[in-house]
J.: 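This is the structure I want to talk about, given as structure tokens.
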Amino acid sequence: MTRLPIDEVLPELLLALQERSGAVLVAEPGAGKTTRVPLALLDQPWLGGKKIVMLEPRRLAARSAAQYMAQLLGEKVGETVGYRVRLDSKVGPRTRIEVVTEGVLTRMLQDDPSLDEVGAVLFDEFHERHLHGDLGLALCLQAQSLLREELRLLVMSATLEAEPVAVLLGDAAVIHSKGRSYPVTTRYASARSTAPLEQAAGQTVLQALRETEGDALVFLPGAAEIRKAASWLRGQGLPSGVRLAELHGSLSLEEQAAAIAPCAPNERKIVLATSIAESSLTVEGIKIVVDSGLSRVPRFSPRTGLSRLETVPVSRDSADQRRGRAGRVAPGHCYRLWTEQEHPHLPQHTRPEMLDADLSALVLELAVWGTPDPSELQWLTPPPEAAYEGAAALLHSLNSLDRLGKPTAEGLRIAKLGMHPRLGAMLLAAEAQPEALDRACVLAALLSERDILGAERNVDIALRADALHSAGGSVPAAHRIRAQAGQWQRRVRERQREAGAPAQRHKGLAAWSDGSLLAYAYPDRIAQRRADGRYVMASGRGAVLPELQPLSRSPYLVVCELDDAGAEGRIRLAADISQAEIEACLTAHLVREEAVEWDPGTGSVRARRRVRLGAIVLSDNPLEGADPEAVADTLLAGIRLKGFSALPMSKNALSLLGRMRLMSLSGDPLWPDVSEGALLDTLEHWLKPHVYGMRSLSELNKLPMAQLIGDLLTWNQARELDEQVPTHITVPSGSRIPLDYSDPSSPVLAVRLQELFGWRETPRLVNGRLPVTLHLLSPSQRPVQVTKDLASFWEQAYFEVKKDLKGRYPKHYWPDNPYEAIATNRAKPRPSTS
DNA sequence: CTCTCCCT
């Protein structure tokens, strides 16, 4: 065997694993860890003849690692070395090394938590920090500590921050290995370009082609940027013999292979790629890397339950990985579109998927594992709480978890199916009817893969399902989707044979439409049409179709996929559904309510009988015979909403309120608080008994408000009120003048001056403690003077006032001595008759 | 102006 850099550290690694149950191996790309380490461990005494399981983040990597190791042993895959990935496995009775993808390990652990036949688990490429890799490690750590002390765990990675992992593994040794690659020079931009990205990248590519030789690999965040850069470069006129290739995940395998393929002699190629070329695919013959420093990543929002794509700066680890792509065959050059000064500000490591992912599958796995509380496990990055809670709530609504967070019988089965729990719920709902199960499996497989009609603007999922049937092998992913659908179908059927016929759900419908199946997966995304192409979903969020199309007029849709694009999500995939189907499928989710509500527009109570699914109303009819209590309560709520002015207070009522407020101001705690706020707070007490049968604010006019408020007083208080704060005062002229209590702290008596002749002092209220404020008026009721001290007025101001009034009202009676004068409500006092 | 990568 050729010597590889890893061989130098193998003895150290073997020793570490002999002494401890864990180790961390940090090896640069090309060191040979993936193929050398499992073979080197095979005859270790601690392994006791048990198996080695090695985790790979990709199916392709798992298969080729197994292939290569088998070749080294001079065997076929499936003998000593085998692999297991989704839909494909090659393992035999003698297999000692199983290379598996990350999801497979989770299933192995769930089937046998002690991993009895396994002596070591190796986590390759752990720095990629996939959700299932992190989960697998957490589960293995617990299996090790509770059941299998001798189980060896080895975490291998290219650039991982090794210390935290070593701590997690129980103070494990960290072993470093050099890689085997050629040096790559790094050229930073002298300044950040202000040009559009495709132009900045394109210019750098042209510069690199001039300065150096070899093929170029250009990292751009997404397909859109790749297209733009390609057209910009073509517009510039490429040198002859330069071939342009595009490489991203939505291309077919054939197109990808063409992009990767080596060049003809005398040809150079420029490959414009997404991060797919960072680790998943290796482009041959690259000597130049141009790195935009950006990548597009999904961010799941627990708040909306939706994912959004974000364009983010890459980590330094990632940038180094990209740079390394230029040094696989010969020394190379890497051009970075950011400056050397910016570089240290990039994050060091790639963000673990745990922080940004939909956790529903993870939460279900943990529930099945028996640890619904994630803090019982050891994590490198614990699941974020909000996302965890959101996922648990979704699983509960799908009936996969019970209230305690334990998996239901269905939840257990869904976890074993190995698919998103939403889709699992759909399969189990459909299982009783063979045709429905067939279709559900096809829909689930379609939704588990990239859209097979990527460019198609029509979002109807039926189009995809039909394409799958009609296209044969011509649709690139069709084969795998059909294989996946078939596998799920067999698993459900197998289990039916073991357990007997499943109960028929979904009563009342003769046939299952796509919509009625998908309703079981997306109960929160049933959408109701608001206008053509505009919908609101059961979750309360808006959703829009990207353009008008056949589905735009459907009254209801099931939205399978949508982008979180601000206020309204953009619908990517959906199916038509009828109201009858919604009511038949989602019985448990429907809320039948008798709503008694306030309508601020008409100022009245509205009683409706409704069927709701979350935020959408399926039917809404007038409700006869609504609960009188509820109607009255709602009317009171309406009054509170509008405020005190909603109460039709008569003049008398307002006066009474003023007087009562004055009495409570005077300090007696037994007087009821009749401030506006207090009255609104106590509507139930004083108003409610009188509003039964009423529905609107206008009907309140019928109520004798003054009487209702007066009823708040005891008999004694009522009497005291009349004595202390009378409604009227009889003035010397004999008139009964009303007191104005609008400001309870200062009651006002507005009266013509002439009617007061004879009074020496200001009249006082509340046992003489509070003088009234006199508004002294002219004969024509115009204000002349305001005073609380009548005696001073007579002594001082009166003489001036008198002069003035005499001029304006010469026929009136303006005596010099107001004390002795006879008060009058006429121009002059009547001559005495006695 | 239309979507990144990956997995049971």
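Residue numbers begin at 1 in each chain, while the letters A, B, ... track the order of the sequences.
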J.: If each of A:Asp563 and A:Pro57 is mapped to the nucleotide of DNA chain B with the nearest heavy atom, which maps nearer the 5' terminus, i.e. the 5' end?
T.: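 It is A:Asp563 whose nearest nucleotide is closer to the 5' end.
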J.: Just to verify, what does A:Val77 make a side-chain contact (heavy atoms from CB on, under 4.5 Å) with, not counting sequence neighbours?
T.: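 If we apply the side-chain contact (heavy atoms from CB on, under 4.5 Å) test to A:Val77, skipping adjacent residues, the hits are A:Ala66, A:Gln67, A:Ala70, A:Tyr83, A:Lys90.
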J.: Applying a 4.0 Å non-hydrogen cut-off, can you work out what A:Gly418 is touching in the nucleic acid: base, sugar-phosphate, or nothing?
T.: base
J.: Please, which pairs that meet salt bridge (Lys or Arg N to Asp or Glu O under 4.0 Å) have at least one residue in residues 227-236 of chain A, sequence neighbours excluded?
T.: none
J.: So what does A:Arg107 hit on the nucleic acid, given a heavy-atom distance under 4.0 Å: a base, only sugar-phosphate, or nothing?
T.: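 Base, at least one base atom sits under 4.0 Å.
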J.: Among residues at least two apart in sequence or on other chains, which ones pass side-chain hydrogen bond (donor to acceptor under 3.5 Å, both in side chains) with A:Asp460?
T.: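 A:Asp460: no side-chain hydrogen bond (donor to acceptor under 3.5 Å, both in side chains) contacts found.
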J.: Using a 4.0 Å heavy-atom cut-off, does A:Ser279 contact any base of the nucleic acid, only the sugar-phosphate backbone, or nothing at all?
T.: nothing
J.: Looking at every strand, decide which applies to A:Leu309 at a 4.0 Å heavy-atom threshold: base, sugar-phosphate, or nothing.
T.: base
J.: Would you indicate what A:Ser295 reaches in the nucleic acid, counting non-hydrogen atoms under 4.0 angstrom: base, sugar-phosphate, or nothing?
T.: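 Here A:Ser295 touches no strand at all.
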J.: Could you tell me whether A:Arg59 and A:Asp88 make a salt bridge, using a distance below 4.0 angstrom between a side-chain N and a carboxylate O?
T.: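 Answer for the salt bridge query: no.
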J.: Pick base, sugar-phosphate or nothing for A:Arg572, based on heavy-atom distances below 4.0 Å to the nucleic acid.
T.: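 It contacts base atoms.
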J.: Need to verify one output field. Residue with the more 5' nearest nucleotide on DNA chain B, A:Ser275 or A:Arg84?
T.: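 Nearest-nucleotide comparison on DNA chain B picks A:Ser275.
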J.: Please find the earliest and latest nucleotides of DNA chain B, in the 5' to 3' direction, that have an atom within less than 4.0 Å of any heavy atom of chain A.
T.: B:dT2 to B:dT8
J.: What's A:Glu561 touching, base or sugar-phosphate or nothing? Going by heavy atoms closer than 4.0 Å.
T.: base
J.: Which part of the nucleic acid, if any, lies within reach of A:Thr106 when heavy atoms closer than 4.0 Å are counted: base, sugar-phosphate only, or nothing?
T.: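 Nothing: the residue A:Thr106, judged by heavy atoms under 4.0 Å, touches no strand.
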J.: For A:Ser400, check side-chain hydrogen bond (donor to acceptor under 3.5 Å, both in side chains) against everything at least two apart and list the hits.
T.: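 Testing A:Ser400 for side-chain hydrogen bond (donor to acceptor under 3.5 Å, both in side chains), a comparison that skips the adjacent residues, returns none.
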J.: Using the side-chain contact (heavy atoms from CB on, under 4.5 Å) criterion, which residues pair with A:Val492? Sequence neighbours excluded.
T.: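 Per chain and number, A:Val492 pairs via side-chain contact (heavy atoms from CB on, under 4.5 Å) with A:Arg413, A:Leu417, A:Leu427, A:Glu431, A:Leu437, A:Gln496.
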